[in-house]
Structures are given as C-alpha cells and as structure tokens.
Protein chains: 2
Amino acid sequence: MSARTVVNLRNTEAPPRVVDISKLDFTNCPVRDLISQIGGKWSVLLLEALAQRPYRFGELRRMVPDISQRMLTQTLRDLQRDGYIDREVFPTKPPSVEYRMTDLGRSLYGPLAQLLNWAEANHDAVRAARVRFDQSQD
Amino acid sequence: MSARTVVNLRNTEAPPRVVDISKLDFTNCPVRDLISQIGGKWSVLLLEALAQRPYRFGELRRMVPDISQRMLTQTLRDLQRDGYIDREVFPTKPPSVEYRMTDLGRSLYGPLAQLLNWAEANHDAVRAARVRFDQSQD
DNA sequence: CGGAATCCCCAGAGATACTG
DNA sequence: CAGTATCTCTGGGGATTCCG
C-alpha cells in the first residue's frame, strides 16, 4: 500500500513525490494500522471511557448498553493488544477485572480527543452539507 | 446510542454521569458520525492527498493504485457529501473532474493530521506491544 | 476520462447459550 | 462476574462490464 505516499503527502512543504508505491507492505502502514483499529465501532467509545478513570467489565457494559458482551470483550482485548489499555484481574469471589489506560493510550488520547472535539464542534456544519448535497442530487 | 455518554466521559473534571443512555438517536452522535466516515478504508488517504493540492480523478487513481474505481468514486462522493471536498467538472474533451478540499475539510485536517503524526511516531511502540501480547498468550 | 450498474465475497458485528 | 463458543447475517469493499 501507499505507506510512503502517505508520509510524503503529509509533508506539505515538498511537492508530491510518489515513491515505490506498488511494492510497499500493506500491513505496515502506520496510518492504516491506527485507523483500522480505532475505526472499529466501539474502540473510540471505550477509549473515551477509560481515559477518564479505570472501569470494570460490568461497568463498561452498563455504560454502553447497546454493546454485546462479545464485542466488549473483543474490543477490549484488541485495545490491550495494541498497548492502549491494561487488564488487571482481582481474584475475588466472584472475580472482577479492571481495565485502565496505559501511558501509551493516554498519549494517543491527546490528539484523538482533539479530533473528537472537532467532530462535536462541526457536526452541524457536516449535517448541513449533507442536506445540501442530497437536495442537489434531485 | 451513547451520544451524551461520550460527551460526559470526555469531561474529565466531573464524575461519569450517564444520562438517558437508551433513548438517544444512534445516528446523531457526532463522534460516531465522524469515525464511521473517516474510518473507511480510503477516506484518510484521500484527505491527505487533497490536503496538499487539488487533484483530478485519474491522478488520485494513479497515486493510490490499489483502490478500485468504484471505491474511489464512492469515497470521494461521501467526502463531498460531508462537505470536506468540492468537485468541479471541466467540460473539456474528454471531460476532466477536479477535487479540492473545502475550508471545512481543511479545518478537519488540522486535528486529523495530529493524530496521523501520532500514529507514525508511535507505530513501533504499538507493534512492540502486539508482540508482547501475542507471546504472553502462549 | 470519469464514472454507473451489477454481481459477489468475506470480515465485522449481533444473538444466544454455556462455563470457571 | 467475566468471560468463551457457535451460529448467523449484514454491508463494506473488490472485480467486472457498460455508458456519455
């Protein structure tokens, strides 16, 4: 994929210099790697929750009532795998599991939160653009 | 969906106050709305390209050789619909179509680029975390 | 040149039931 | 409580063909 292309394109000073575009490892593009993960349906939501404070499995489940048990487990495991959150098991009875954000996760949440703030601030503009577009298409 | 929950969760000062979580309009959550759009496979890539300068359809196609014609057309139309890019048709022969970023798109690209920079800067850390996780799971 | 229309496939996500 | 294990299904995305 266009890993190098992406890098070059973001360099706004230089002209676009497309390099070696066909031979690049698709799975190794950092941007695609990040977007495909947080692009999931629940990842950002859980990151927002855990950015505030640690939560237990059941707490997260109650906070996001329309997530299935399966997707909560899976999304948490994926976030843990990428190093954004930690998982700690307390051998109580019944057992309880707490999830908390790592330093890496917190450093991700900085720029991520900026983007989310943009989304909220400009949501009306986007919706208005959609209405205009749809009306112009008959 | 949890539109309000998201808002409250990002307010790091107050305790989590989950409000009216089941009755919210799923489609009206700004965060979900943005993430589901730019979470697409090609959106960010095209935004990066057009953040630099306007491009014609065929130019974009050559820059991203592994995108299908269909997905290029569709992704561009979606970005246009949300107001991030403009489309201008030049009635030459054969016709040519140019895409350029709008002011709204440029304002989005600010925080977005910060996130992408984070992705590149921390890609090694994420990959290392993955290796650790996979090895700890037998 | 820049699409639109059509067919097809599979990974992401939901529902349900069971377990340490 | 906090998960696994199956089964299922939708829709995002690819390949191909046709059009102004």
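Given the structure is predicted, the values throughout are model-derived calculations rather than measurements. Quick note on labels: first sequence line is chain A, next is B, and so on, each numbered from 1.
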Quick one: label B:Y99 by what it contacts on the DNA or RNA (base, sugar-phosphate, nothing), any heavy atom closer than 4.0 Å.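 Here B:Y99 touches the backbone only, sparing every base.
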
Among [options], the one nearest [X] by side-chain distance:
X: A:P94; options: C:dC1, D:dA2, D:dC1; answer: D:dC1
X: B:S96; options: C:dG2, D:dC1, D:dG14; answer: C:dG2
X: A:V97; options: C:dG14, D:dA2, C:dG2; answer: D:dA2

Euclidean distance, atom [atom1] of residue [X] to atom [atom2] of [N] [Å, nearest integer]:
X: B:I67; N: D:dT16; atom1: CD1; atom2: P; answer: 16 Å
X: A:I35; N: D:dG12; atom1: CD1; atom2: C1'; answer: 16 Å
X: A:L72; N: C:dT16; atom1: CG; atom2: C1'; answer: 17 Å
X: B:M71; N: C:dG2; atom1: CE; atom2: C1'; answer: 16 Å
X: B:K41; N: C:dA11; atom1: NZ; atom2: P; answer: 11 Å
X: B:R32; N: C:dG12; atom1: CZ; atom2: P; answer: 16 Å
X: A:F57; N: C:dG20; atom1: CZ; atom2: P; answer: 17 Å
X: A:R77; N: D:dA5; atom1: CZ; atom2: C1'; answer: 12 Å

Which is more 5' along DNA chain D, the nucleotide nearest B:Q74 or the one nearest B:Q69? Just name the residue.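 The 5'-side residue here is B:Q74.
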
What residues form a side chain to side chain contact (heavy atoms under 4.5 Å, CB included) with B:P95, not counting sequence neighbours?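 In terms of side chain to side chain contact (heavy atoms under 4.5 Å, CB included), with neighbours along the sequence ignored, B:P95 is linked to no residue.
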
I'd like to know if B:R70 reaches the base of D:dG13 with its side chain, counting only an N/O donor and acceptor under 3.5 Å.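 Check passes, donor-acceptor contact within cut-off.
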
So, is [X] near the phosphate of [N], with a side-chain N or O under 4.0 Å from OP1 or OP2?
X: B:K93; N: D:dG20; result: no
X: B:R56; N: C:dG2; result: yes
X: B:Y55; N: C:dG2; result: no

Would you call A:E59-A:R53 a salt bridge at under 4.0 Å N-O?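 Yes, charged N to carboxylate O under 4.0 Å.
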
Trace of the salt bridge (Lys or Arg N to Asp or Glu O under 4.0 Å) decision for A:D33 with B:R130: CA-CA 12 Å; A:D33 213 17; B:R130 275 181 204 166; 3.1 Å; yes

So, do B:M63 and B:Y55 sit near enough that their side-chain heavy atoms are less than 4.5 Å apart?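 The answer is yes, as the side chains (C-beta and beyond) meet within the 4.5 Å cut-off.
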
B:F90, B:I85: one ILVMFWY side-chain cluster at the under-4.5 Å cut-off?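 No; tracing contacts between hydrophobic side chains, which count when under 4.5 Å, never links both residues.
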
Would you kindly compare A:T75 and A:P95 by the position of their nearest DNA chain C nucleotide and give the one closer to the 5′ end?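 Nearer the 5' end of the strand: A:T75.
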
